[in-house]
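This is the structure I have questions about; it appears just below.
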Amino acid sequence: MDQGGAPPIFSAKAEVDGDQLRVVVTGEVDMATADTMYQSALRGPARHVTLDLRAVTFFDSAAIHAVVRLAQRLPGALAVLPSRQVRRVLEISGLGEQDWLLPD
């Protein structure tokens with residue numbers, strides 16, 4: 001059976017524009033992929049890092065830990081664009097009011 005064009009389970013693509021780094025993450029962020037997301041957000045010297053999670057379909061405790069570590073490592077420089085699922089997980093974990101979490 002042809003699966004042609006099935007969405008990837010996970011990808012993290014870093015795009016640099018001057019001192020801005022944007023990491024677009026798609027699919028599932030879990031214990032197996034959270035570190036890849038984390039490392040992608042630390043590529044190169046950037047003054048501002050946007051973690052675009054709007055295409056993330058699954059986000060577990062390892063993913064939460066990776067985002068919290070990024071926020072600690074990049075104080076005032078991190079912005080997170082969450083999917084509905086990611087926002088819900090962060091709210092449940094008590095992180096829904098963080099300054100790095102951007103509104104819908």
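Here, residue 1 is the first one in the sequence, and each next residue gets the next number.
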ask   = Are Leu78 and Val16 grouped together when hydrophobic residues (ILVMFWY) are joined by side-chain heavy atoms under 4.5 angstrom apart?
value = yes
ask   = Atom CG in Leu81, atom CG in Leu102: separation rounded to 0.5 Å?
value = 5.0 Å
ask   = Do Val67 and Phe59 touch side chain to side chain, with heavy atoms closer than 4.5 Å?
value = yes
message = With a 4.5 Å cut-off on side-chain heavy-atom distances among I, L, V, M, F, W and Y, is there a chain of contacts connecting Val68 to Tyr38?
response = yes
ask   = If you look at every heavy atom in Ala34 and Ala66, which pair is closest and at what distance?
value = O-CB, 3.8 Å
query = So do the side chains of Leu42 and Leu70 get within less than 4.5 Å of each other, counting heavy atoms only?
reply = yes
request  = Decide yes or no on side-chain contact (heavy atoms from CB on, under 4.5 Å) for Val24 and Glu15, but give the supporting numbers first.
outcome  = CA-CA 8 Å; Val24 179; Glu15 306 164 353; 4.0 Å; yes
ask   = Is the closest side-chain heavy-atom distance between Arg87 and Leu101 below 4.5 Å?
value = yes
ask   = Looking only at atom types and distance, does a side-chain atom of Thr26 sit under 3.5 Å from a main-chain N or O of Ala55, one as donor and one as acceptor?
value = no
message = Is there a side-chain contact between Met37 and Ser40 in this structure, where contact means two heavy atoms from C-beta onward sitting under 4.5 Å apart?
response = no
key: Atom of Leu21, atom of Ala14 and distance for their closest heavy-atom approach   = CD1-CB, 3.9 Å
request  = Can you measure from CD (Glu97) to CD (Glu91) and round to the nearest 0.5 angstrom?
outcome  = 7.5 Å
message = Return the OG1 to CZ distance between Thr33 and Phe58, rounded to the nearest 0.5 Å.
response = 9.0 Å
key: Worked check of side-chain contact (heavy atoms from CB on, under 4.5 Å) between Gln85 and Arg88   = CA-CA 5 Å; Gln85 293 89 341; Arg88 182 73 179 128; 5.8 Å; no
remark   = Between Pro82 and Arg54 the two heavy atoms that sit nearest each other are O-CG, 3.7 Å
Transitive ILVMFWY side-chain link Leu95 to Leu74, under 4.5 Å = yes
request  = Give a yes or no on whether a salt bridge exists between Arg22 and Asp17, defined as a side-chain N under 4.0 angstrom from a carboxylate O.
outcome  = no
query = Do Phe10 and Val25 touch side chain to side chain, with heavy atoms closer than 4.5 Å?
reply = yes
note = Taking every heavy atom of Gln98 against every heavy atom of Gly94, the minimum-distance pair comes out as NE2-O, 4.5 Å
ask   = Just how far is it from atom CG of Leu53 to atom CG of Leu51, taken to the nearest 0.5 Å?
value = 4.0 Å
